[in-house]
Amino acid sequence: MNIFELYLDKIKSIIVDLSKKNQLIIPETFKGINAEIPPPKFNCDISTNVAMVLSKLNQTSPLILAQKLASEIKNNDDQIEIISVAKPGFINIKFRPSFWSNFIEEIIDNDKKFGINQNEKKFNYLVEFVSANPTGPLHVGHSRGAILGDVLSNVLIFNKHKVTKEYYVNDYGNQIINFTKSVYFRIREVKFKEIFPQDNPDLYPGDYLIDFAKNIILNKSDLNFDNYDEIHDELTVLSIEQALLLIKKNLKSLGIKHDNFVSEKSIVLKKEVESVVKFLEKNKFVYKGKIKAPAGDNNKNWVEREQLLFKSTDFGDDKDRALQKSDGTWTYFASDVAYHKNKVDRKFDYLINILGADHAGYIKRISSSVEALSGKKDKLICKISQLVKLIKDKKPFKMSKRKGDYITVDDLIEEVGKDATRFIMLNRSSDVELDFDFDAVKEKSKDNPLYYVQYCYARISSVFRHIGKDLNSKIELSDYNFEYSNDEIKILKKISEWPKCIDTACLKLEPHRIPVYLYDLASEFHSYWSLGKENSEKRFISQDNKISNDKLVFLKAISNVIRSGMNIIGVDTPEKM
RNA sequence: GCGCUUGUAGCUCAACUGGAUAGAGCGCCUGACUUCGGAUCAGGAGGUUCUGGGUUCGACUCCUAGCAGGCGCACCA
């Protein structure tokens, strides 16, 4: 139950009634009218701006209109204790304590469902994320996008949307040729003791290729490793297979599992590129032309070429984009358009792409293509996962392509663990650069938000342990007629914001709101806990080792929210730490 | 040169599709442990939300012109 939504609906029906009685003029849409969380200093539970939105239309001052609406709202509702009007025209509602005992009854009864928006229309999403080239292990940069995509999907799933998590495998093109060559040289190194050509800039120098080579030699001893041309096709397949095994292992250690892996090669071989180009030609989005050199001094040796181009400028891109190279083969963009046609044809409501910061410049052209293919402007939504700045020993840690100082997902998990990685990577909005300080992430104190939230759950577990009850079993009570104190209502209010947090996270596709919310909730809980030191009535367990029902459901409600939130983020809630 | 993006307390960041006196943590200063787990809590100091215009009853949020950082800018993927 979302009390903000509930009261927004009540308010809307009240103003509709008033307009039917010709006592109020209402606009065609209710856009802009809201029911929100008031700032703490106002000591109330819900506030609405309805009077300010309607005042102009009704040519009445917001304060006078607010007075009128406030009394209408209160007349219809015996749960409201105080309703007041504040400058410049807010209506503030404060509930009776009984409201909160009804509220807690509702969420204890609906245990697992609390937070889910039951009324909203449900959609079918495709979330494409990671999609790193199958040429080596994942590193820290990939992990942020990976976690973002995973948790974004989890929030949508929690809110009962349908989500497919997908990985696009770029197993085609020049990079794969170079990659396969590199594996071949490593095989010769292992098998014939030939020195790997380190100075060839086209090759992949990483040591992990030695393992790939060893595995391939072991599994395919019958292959003729003397002749590259003869085994090239099979070796390509085997090399990609090795890389994907490693990537999937990395993903698993981050706690991520995709539903689908879609191969670029299979899209190319099925001639989907040709057919999408035909489709675009038919709709006049394609022409033969030349791309002009960009302004500036750095383009002296620009060569204009006649090429097959996609008219992405029709959709707001700065220039049209090449679909075909001069040797007649397709560009990466062309096969990506084909892949997106493939996505569009699978009838999702929305396509979401999680991209690394260095691919931000790619968004316009690909969303242009999706608009051309689907006719819908907001069909494809691209989210950027910004750079991760690593900090070690209080100094920025630069990763370079030279082997050795590259931090892989394996290193990361080994050093700080899955849970801390996930929580910290998510704790910031995805479009802000993130400082990832190894020492702080490993710290087991309140400086580390992960442990701060987990500790809250562990404290609640410890209370249940003391009184010999199981935190995971359902509580059945016949009577919920409790009178909660102001300290407790403060936390109940925070709990009432949980469905709103989920809704906003889904609407804006911003999963970072969840760890931020959980931190706040944990903080209020820790404050409350400490009150017990001075005032034994505020302690959960009495002298005779018993707990009252109101406190029992109170703890249960908090732990439920923490657990479902941590579940969405994909981290554990240990009962002991 | 163009495009995208970020700019909020000394530092790292929040701020709910435009709401009220802009909030946390770190750091700094004071205080609280014979504890339902101190991996915690209470209090204090700290702000021209990069700048100038505009829209609005109301702007960190939207528009516009700048400034500063980051990323990208051919047939690579």
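The structure presented is a predicted model; accordingly, all values stated were derived computationally and were not measured. Within every chain, numbering begins at 1; the chains are lettered A, B, ... in the order of the sequence lines, protein sequences first and strands thereafter.
- Surrounding NZ of A/K442 are more than 12 heavy atoms belonging to other residues, nucleotides or ligands, all under 6.0 Å away.
- With both pairing distances under 3.5 Å, B/A42 is matched to B/U30 as a Watson-Crick or G-U wobble pair.
- When the P atom is compared between B/C50 and B/U6, the two are found 13 Å apart, to the nearest whole Å.
- Judged by Watson-Crick or G-U wobble contacts below 3.5 Å, the nucleotide B/C13 has B/G23 as its partner.
- Going from atom CG of A/L387 over to atom P of B/U6 covers 14 Å, rounded to whole Å.
- Residue-level contact check: A/V516 touches the backbone only, with heavy atoms under 4.0 Å from sugar-phosphate atoms and none from bases.
- Residue contacts for A/S61: at a heavy-atom cut-off of 4.0 Å it reaches no nucleic acid atom on any strand shown.
- Ion pairing between A/K343 and A/E166 fails under the 4.0 Å rule for side-chain N and carboxylate O.
- Shown here, B/G53 forms a base pair with B/C63; the pair counts as Watson-Crick or G-U wobble because both key distances fall under 3.5 Å.
- Checked by distance alone, A/S47 brings a side-chain donor or acceptor within 3.5 Å of a matching partner on the base of B/A20.
- Rounded to an integer number of Å, the gap from A/N43 CG to B/A20 C1' is 15 Å.
- Comparing B/C4 with B/G10, their P atoms sit 31 Å apart, to the nearest whole Å.
- B/U51 and B/A68: their P atoms are spaced 15 Å apart (whole Å).
- B/G58 is unpaired under the criterion used here, namely a Watson-Crick or G-U wobble arrangement in which both key atom distances are under 3.5 Å.
- At whole-Å resolution of the value, CZ in A/F423 and C1' in B/G25 are 12 Å apart.
- Of the candidates B/C13, B/A20, B/C41, the closest approach to any side-chain atom of A/F42 belongs to B/A20.
- Using a 30° and 60° split on the angle between ring planes, A/F525 and A/W529 fall in the tilted class, from 30° to 60°.
- Counting any heavy atom pair closer than 4.0 Å across all strands shown, A/E575 reaches a base atom.
- With contacts defined as side-chain heavy-atom distances shorter than 4.5 Å, the pair A/P449/A/I424 qualifies.
- Using a 4.0 Å heavy-atom cutoff across all strands shown, A/T504 reaches sugar-phosphate atoms only and no base atom.
- Place A/W529 and A/L507 on RNA chain B by their nearest nucleotides, and A/L507 ends up nearer the 5' end.
- Look at A/K56 and you'll find a side-chain N or O under 4.0 angstrom from OP1 or OP2 of B/C57.
- Nucleic acid contact class of A/H512 (heavy atoms, under 4.0 Å, all strands): sugar-phosphate only.
- Contact check, A/Y172 against B/C76: no side-chain N or O comes under 4.0 Å of OP1 or OP2.
- Taking for each of A/G173 and A/F540 the nucleotide of RNA chain B with the nearest heavy atom, the 5'-most of the two is the partner of A/F540.
- In this structure, A/A86 reaches the bases: a heavy-atom distance under 4.0 Å links it to at least one base atom across the strands shown.
- More than 12 heavy atoms of other shown residues, nucleotides or ligands fall within 6.0 angstrom of atom NZ in A/K325.
- At the phosphate of B/A24, neither OP1 nor OP2 sits under 4.0 Å from any side-chain N or O atom of A/S523.
- In this structure, the aromatic ring of A/F90 is positioned over the six-membered ring of the base of B/A20, centres within 5.5 Å and planes within 30°.
- Taking atom C1' in both B/U8 and B/G47, the straight-line distance is 8 Å, to the nearest Å.
- The residue A/S326 sits close to a base: some heavy atom pair falls under 4.0 Å.
- For B/G23, the OP1/OP2 oxygens have a side-chain nitrogen or oxygen of A/K41 closer than 4.0 Å.
- At the heavy-atom level, A/D202 lies nowhere under 4.0 Å from the strands shown.
- Comparing the same atom, P, in B/A22 and in B/U48 gives a spacing of 12 Å after rounding to whole Å.
- The residue A/P62 sits apart from the nucleic acid: no heavy atom pair falls under 4.0 Å.
- Using a 4.5 Å heavy-atom cutoff, the side chains of A/L308 and A/W330 are in contact.
- Summarising the geometry, the separation between CZ on A/R365 and P on B/C2 is reported as 19 Å, rounded to the nearest angstrom.
- B/U49 and B/C41 have their C1' atoms separated by 30 Å, given to the nearest Å.
- For the pair A/N34 and B/U17, the criterion of a side-chain N or O lying under 4.0 Å from OP1 or OP2 is not met.
- Computed from coordinates, the A/E36 CD to B/C16 P distance equals 9 Å when rounded to whole Å.
- At a threshold of 4.0 angstrom between heavy atoms, the contacts of A/K500 include nucleobase atoms, whether or not backbone atoms are also involved.
- Atoms OH (A/Y362) and P (B/A74) sit 14 Å apart, rounded to a whole Å.
- No more than 12 heavy-atom neighbours from other residues, nucleotides or ligands sit within 6.0 angstrom of OH on A/Y172.
- Of the possible polar contacts, none joining the A/D202 side chain to the A/N178 backbone as a donor-acceptor pair under 3.5 Å is found.
- A/I37 comes within 4.0 angstrom of a base, heavy atoms only.
- Below the 3.5 angstrom threshold, one finds no donor paired with an acceptor across the side chain of A/D358 and the base of B/A77.
- Between B/A65 and B/C71, the two C1' atoms lie 23 Å apart (nearest whole Å).
- Residue A/A440 is out of contact with every strand shown, counting any heavy-atom pair closer than 4.0 Å.
- B/C4 is paired with B/G70 under the Watson-Crick or G-U wobble criterion, all donor-acceptor distances under 3.5 Å.
- In this structure, A/F4 atom CZ and B/C16 atom P are separated by 14 Å, rounded to whole Å.
- Contact annotation for A/K31: no contact, since no heavy-atom pair falls under 4.0 Å across all strands.
- At the heavy-atom level, A/E433 lies under 4.0 Å from the strands shown only through sugar-phosphate atoms.
- The 12-atom threshold is exceeded at CD of A/E306, counting heavy atoms of other residues, nucleotides or ligands nearer than 6.0 Å.
- By the 6.0 Å and 45° rule, A/K392 stacks over the aromatic ring of A/F397.
- A stacking contact links A/W302 to B/A74: the aromatic ring centre lies within less than 5.5 Å of the base's six-membered ring centre, and the planes differ by less than 30°.
- Distance CD (A/E534) to P (B/G43): 11 Å, rounded to an integer number of Å.
- Rounded to a whole angstrom, the distance from the P atom of B/C16 to that of B/C60 is 12 Å.
- Phosphate proximity of B/A15 to A/R513: present, with a side-chain N or O under 4.0 Å from OP1 or OP2.
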